[in-house]
2 protein chains.
Amino acid sequence: MPEKDGRFEAIIEKIRAKNFKLTPQRMAIARVLSDGGRHPTVEEIHEELRDRFPTMSLATVYRNVLLMKSLGEVMEIGFADGSNRYDGMRPHPHPHAICIACREILDPELSGLEDMSEEVARETGFEIVSHRVDFFGICPKCRAKK
Amino acid sequence: MPEKDGRFEAIIEKIRAKNFKLTPQRMAIARVLSDGGRHPTVEEIHEELRDRFPTMSLATVYRNVLLMKSLGEVMEIGFADGSNRYDGMRPHPHPHAICIACREILDPELSGLEDMSEEVARETGFEIVSHRVDFFGICPKCRAKK
DNA sequence: CTGCTAATTGATAATCGTTATCAATAACGG
DNA sequence: CCGTTATTGATAACGATTATCAATTAGCAG
Ligand SMILES: [Mn+2]
Ligand SMILES: [Mn+2]
Ligand SMILES: [Zn+2]
Ligand SMILES: [Zn+2]
């Protein structure tokens, strides 16, 4: 499981610092979430850990994702259809490219977001504190299938 | 109720063209949705029409918002917390500025979105077909209250 | 290593926004 | 005005998430 940047260690350290207990389930969930490039759902995390933790409840996954979110170590990407996905690799707001066919989610490096944020502030008088930027389309793999 | 651009007429015409019936409830809902600048929830629409239609069911509002959405005449802005808001003034994807204090939603005119879309396409290989761009912050009114 | 205590877990019930169901009503073409 | 059929209002069902609670276990003191 190739987590980069020591994200797993950062999450565990935050949990320890706040005096939460380090259960095997909790660590396994943190490991899946810190796996770069993926944006799994709670169901997918639960499914993925089924082999190692056959009795782990879905509620435990929900609870721990919620905990890590509240610690600022996991970012939630919620959609209108109710499906939520999680990114423990980059826990701060960043743009996404989302395939509407296979639901793959990428983290594109994007310039100009800061400028756009300032433009919104200038025009509306808002003090901008966060953003949510998604681009929907068809990924190369799905395009080839047509 | 100051709808601009004849949005109300456009919605009604689309409904007529598809041979759906023009009920008083349906027309009233269309009128609220075509009211520019607002982004009401289903509950707010229901509440707003309570005086004129005391017996109108919440389900009727849901149904008609869904209908107009499927006709491409109303855009849904869904949030992770489950709250959905609707824009019948601009039924195509466009950026929003959202106050995290009072939940007011504005439609800022924003340049550079098209360029950003192309940048994502170039970097990811995706064929971009849509987007969702929200900027969250504190509006001038709420800022003054501090 | 052992035992204590509070946090966590697993199982399940409750919640809440939305959608489906269905009998009664009403739009609209003839 | 009539008949057909969509629509409405009332309410049940739904599904993802959250709350509840007894049983378990991590972390720690002895
Ligand atoms: Mn991401
Ligand atoms: Mn809008
Ligand atoms: Zn794809
Ligand atoms: Zn405000």
Side-chain angles (χ1 to χ4, degrees), chain A residues 11-33 39-71 74-86 103, chain B residues 11-33 39-71 74-86 103:
Chain A
I11 297 173
I12 295 303
E13 190 43 48
K14 181 74 73 80
I15 288 170
R16 202 195 308 273
K18 299 277 183 179
N19 281 10
F20 293 109
K21 294 182 176 172
L22 284 171
T23 65
Q25 296 93 329
R26 182 163 285 169
M27 286 191 283
I29 292 165
R31 183 151 262 134
V32 173
L33 284 166
H39 297 82
T41 64
V42 163
E43 290 280 0
E44 284 166 359
I45 297 169
H46 186 244
E47 179 62 27
E48 184 161 335
L49 297 175
R50 181 184 299 287
D51 292 339
R52 278 204 291 148
F53 301 89
T55 68
M56 186 169 63
S57 168
L58 191 55
T60 293
V61 183
Y62 272 108
R63 270 187 300 243
N64 281 288
V65 167
L66 194 69
L67 173 70
M68 297 172 203
K69 191 173 65 157
S70 77
L71 295 177
V74 165
M75 195 190 60
E76 183 180 69
I77 315 169
F79 295 95
D81 67 3
S83 68
N84 287 3
R85 292 177 168 271
Y86 297 91
R103 286 267 131 190
Chain B
I11 297 173
I12 296 303
E13 189 44 48
K14 182 72 72 80
I15 289 170
R16 202 195 308 274
K18 299 277 184 179
N19 281 14
F20 293 109
K21 292 180 178 176
L22 285 170
T23 65
Q25 297 95 327
R26 182 163 285 169
M27 286 191 283
I29 293 165
R31 203 174 279 286
V32 174
L33 284 168
H39 297 83
T41 64
V42 163
E43 290 279 0
E44 285 167 358
I45 297 169
H46 186 242
E47 179 63 28
E48 185 162 333
L49 297 175
R50 181 185 299 288
D51 292 339
R52 281 203 291 147
F53 301 89
T55 68
M56 184 167 66
S57 168
L58 191 55
T60 293
V61 183
Y62 273 107
R63 270 189 298 245
N64 280 289
V65 167
L66 194 69
L67 173 70
M68 296 171 205
K69 192 174 62 155
S70 76
L71 295 177
V74 165
M75 195 190 60
E76 183 180 69
I77 315 169
F79 295 95
D81 68 3
S83 68
N84 287 2
R85 294 179 167 269
Y86 297 91
R103 287 267 130 190

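Labels below follow one simple rule: chain letters A, B, ... track the order of the sequence lines, proteins then strands, and each chain is numbered from 1.
- No hydrogens or angles were tested; on distance alone, nothing pairs the side chain of A/Lys21 with the base of D/dT25 as donor and acceptor under 3.5 Å.
- Per the geometry, CG belonging to A/Asp81 stands 14 Å off C1' belonging to D/dT17, to the nearest Å.
- Of the candidate nucleotides C/dG10, D/dG9, D/dT7, D/dT7 has the atom lying nearest to any side-chain atom of B/Phe20.
- For the OP1/OP2 pair of D/dA26 and a distance below 4.0 Å, the side-chain nitrogens and oxygens of A/Thr23 include no atom meeting the criterion.
- Counting only residues at least two apart or in different chains, salt bridge (charged side-chain N to carboxylate O under 4.0 Å, His left out) contacts with residues 56-70 of chain A comprise A/Lys69-A/Glu76.
- For the pair A/Lys18 NZ and D/dG27 P, the computed distance is 18 Å after rounding to whole Å.
- Two residues are said to be in side-chain contact when any heavy atoms from C-beta on lie closer than 4.5 Å; A/Phe79 and A/Asn84 fail this criterion.
- Judged by distance alone, the side chain of A/Glu44 and the main-chain N or O of A/Thr41 form a donor-acceptor pair under 3.5 Å.
- Within the nucleic acid shown, A/Pro54 has no heavy atom closer than 4.0 Å to any nucleic acid atom.
- Residue A/Arg26 is in sugar-phosphate contact alone, with no base atom involved, counting any heavy-atom pair closer than 4.0 Å across all strands shown.
- Here the straight-line distance linking atom CD of A/Gln25 with atom OG of A/Ser57 works out to 10.0 Å at 0.5 Å rounding.
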TODO: Give the C-alpha distance, both sets of side-chain angles, the deciding distance and a yes or no for side chain to side chain contact (heavy atoms under 4.5 Å, CB included) between A/Tyr86 and A/Ile77.
DONE: CA-CA 6 Å; A/Tyr86 297 91; A/Ile77 315 169; over 6 Å; no
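- Here B/Asn19 lies out of heavy-atom contact (under 4.0 Å) with every strand.
- Protein atom CG of A/Asn84 is 13 Å distant from nucleotide atom C1' of D/dT18, rounded to whole Å.
- For A/Arg16 against D/dG27, a side-chain-to-base donor-acceptor contact under 3.5 Å is absent.
- Between B/Ile29 atom CD1 and D/dT8 atom C1' there is a gap of 11 Å when expressed in whole angstrom units.
- Between the CD atom of B/Glu44 and the P atom of C/dT18 there is a distance of 12 Å, rounded to whole Å.
- Heavy-atom distances to DNA chain C give each of B/Gln25 and B/Gly82 a nearest nucleotide, and the one nearer the 5′ end belongs to B/Gly82.
- Atom CE of A/Met56 is separated from atom P of D/dT24 by 19 Å (rounded to the nearest Å).
- Side-chain atoms of A/Ala59 lie closest to D/dA19 of the nucleotides D/dA19, C/dT9, D/dG9.
- Among the protein residues, B/Asn64 comes within range of the sugar-phosphate backbone only, with heavy atoms under 4.0 Å from sugar or phosphate atoms but none that close to a base.
- As rounded to whole Å, 9 Å separates atom P of C/dG10 from atom CZ of A/Phe53.
- Both A/Ser83 and B/Leu67 lie near DNA chain D, and the one whose nearest nucleotide falls closer to the 5' end is B/Leu67.
- Each of B/Leu22 and B/Tyr62 has a nearest nucleotide on DNA chain C; the 5'-most of these lies closest to B/Tyr62.
- Taking only side-chain atoms of B/Ser57, from C-beta outward, the nucleotide of D/dA10, C/dT19, D/dT20 with the closest atom is D/dA10.
- Using a distance-only test at 3.5 Å, with no hydrogens or angles considered, no donor-acceptor pair links the side chain of A/His46 to the main chain of A/Thr60.
- B/Ile45 has its CD1 atom 15 Å from the C1' atom of C/dG17, to the nearest Å.
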